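Predicted model only: the values in this text are computed from it and were never measured. First listed ligand is number 1; within each ligand, the first listed atom is number 1.
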Amino acid sequence: MSRILRVAAAQSGPIQKADSRPAVVARMIGLLDEAAARKCDLVVFTELALTTFFPRWLMTEQAEIDAFFEREMPNAATRPLFERAAAHGIAMSFGYAELTADGRRFNTAILTGRDGRIVGKYRKVHLPGHSEFDPARSFQHLEKRYFEPGDLGFPVWRALGGILGMCICNDRRWPETWRVLGLQGAELVVLGFNTPAVNSQKAEEGPEQRMFQHRLSLQAGAYQNSTWVVATAKCGVEDGHPLMGGTMIVNPDGEIVAEAKTLEDELVVADCDLDLTRFGKQTVFDFARHRRPEHYSRITSQTGVILPPEE
Ligand code: CDV
């Protein structure tokens, strides 16, 4: 049986602070409809897909903060999206700010089946930035203020005839993310990201270098774990704050097979043959024959950097 999934990375152009949930969901439904017309099996939306990238702002009023969070999923605003996806028979993934019944807050992504039911949930593990506002910084990244680190690890799911995993934005920079997914046999990893075009802590690191690091991370993650990678940006200028693009699909050889051309809402589509993951998993990266875990214990046992002795 063929295991070719037609996957659409549904890039989001900017979402302004003033944009309503229904307006954003209508844009997502437009992309879903286009994906259905192009016979896609899976649509991957971005990180915090329903709102602007709000961790760039210091907010102290609880009601203002809460307005960016979802207490249930689906909810009144997003139900039309789930219904449309189910009507098309398209699976989807998207990110949102999750507020649990017991008051915990996570930067979350979900995966649905073709029937619109949620089959997987991931909560972002690597939260970049700070918890405190610092006027010395040119701009802020306050994810640690608004979220706690994910508590679900990096699960994978048997879905759509393959093994699928999720991570979110900053996770893609960490080899540990890819490895934990890869060791569970992931064949397709989906992720959304909101990446400021300039590094707030290193002004000379602009869009070109950021794009290089982004590609490097995705391509290495794909190749070294022999998995497809579907990475979807929110990009463009949100209330004066530029986010880089770089929505792309990478094959298990680490090659970019499809890439966005704009910084707007745009579908990036590729046929992802999950059987192409077999070769790498059975040759260079065959765990049973070549892996030497007895030499890797530092990855889990060491929490900080230990430098070699000085000469
Ligand atoms: N949303 C993110 O996690 N963004 C980070 C930025 C802040 C460095 C990223 O890794 O792209």
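Ligand 1 lies nowhere less than 4.0 angstrom from a heavy atom belonging to Gly129.
Close approach of ligand 1 to Phe53 is summarised as follows: ligand atoms under 4.0 Å from at least one heavy atom of the residue are 1 (N). The ligand atoms of ligand 1 that sit less than 4.0 angstrom from a heavy atom of Arg172 are 9 (C), 10 (O), 11 (O). Heavy-atom contacts of Asn194 reach the following atoms of ligand 1: 1 (N), 2 (C), 4 (N) (cutoff under 4.0 Å). Within the listing of ligand 1, atoms 9 (C), 10 (O), 11 (O) sit less than 4.0 angstrom from a heavy atom of Arg173. Less than 4.0 angstrom separates some heavy atom of Glu47 from each of these atoms of ligand 1: 1 (N). Shown in contact with Glu143 at under 4.0 Å from a heavy atom are these atoms of ligand 1, numbered in order with element: 1 (N), 2 (C), 3 (O).
Under a 4.0 Å N-O distance rule, the pair Lys144/Glu132 does not qualify as a salt bridge. With respect to the salt-bridge test (charged N to carboxylate O, under 4.0 angstrom), the residues Asp239 and Lys17 do not qualify.
From the protein, the heavy atom lying nearest to atom 2 (C) of ligand 1 is Cys169 SG, 2.8 Å. At the top of the distance list for atom 11 (O) of ligand 1, counting protein heavy atoms only, stands Thr195 OG1, 2.6 Å. Looking from atom 3 (O) of ligand 1 to the surrounding protein, the closest heavy atom is Lys124 NZ, 2.8 Å. The closest protein non-hydrogen atom to atom 6 (C) of ligand 1 is Pro196 CD, 4.0 Å.
Residue Arg210 has no nitrogen or oxygen atom sitting less than 3.5 Å from a nitrogen or oxygen atom of ligand 1, judged on distance alone. The shortest N or O to N or O distance between Asn170 and ligand 1 is under 3.5 Å.
For Phe147 and Phe106, the ring centers sit 6.0 Å or farther from each other.
Of the listed residues (Leu181, Thr227, Leu111), just one forms a side chain to side chain contact (heavy atoms under 4.5 Å, CB included) with Leu164, and that residue is Leu111.
Not counting sequence neighbours, the partners of Thr108 by the side-chain hydrogen bond (donor to acceptor under 3.5 Å, both in side chains) test are Glu98.
The heavy-atom pair separating Pro149 from Leu127 by the smallest distance is N-CD1, 3.5 Å.
A cation-pi contact, defined as under 6.0 Å to the ring centre and within 45° of the axis, is absent between Arg105 and Tyr146. Cation-pi contact between Arg56 and Phe139: absent, since separation from the ring centre below 6.0 Å together with deviation from the ring axis within 45° is not met.
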Next item on the list: Please step through salt bridge (Lys or Arg N to Asp or Glu O under 4.0 Å) for the pair Asp151 and Arg123, ending with a clear verdict.
Entry: CA-CA 7 Å; Asp151 60 349; Arg123 291 170 169 160; 2.9 Å; yes
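Residue-level proximity to ligand 1 for Phe193 is absent, since no heavy atom of it falls below 4.0 angstrom.
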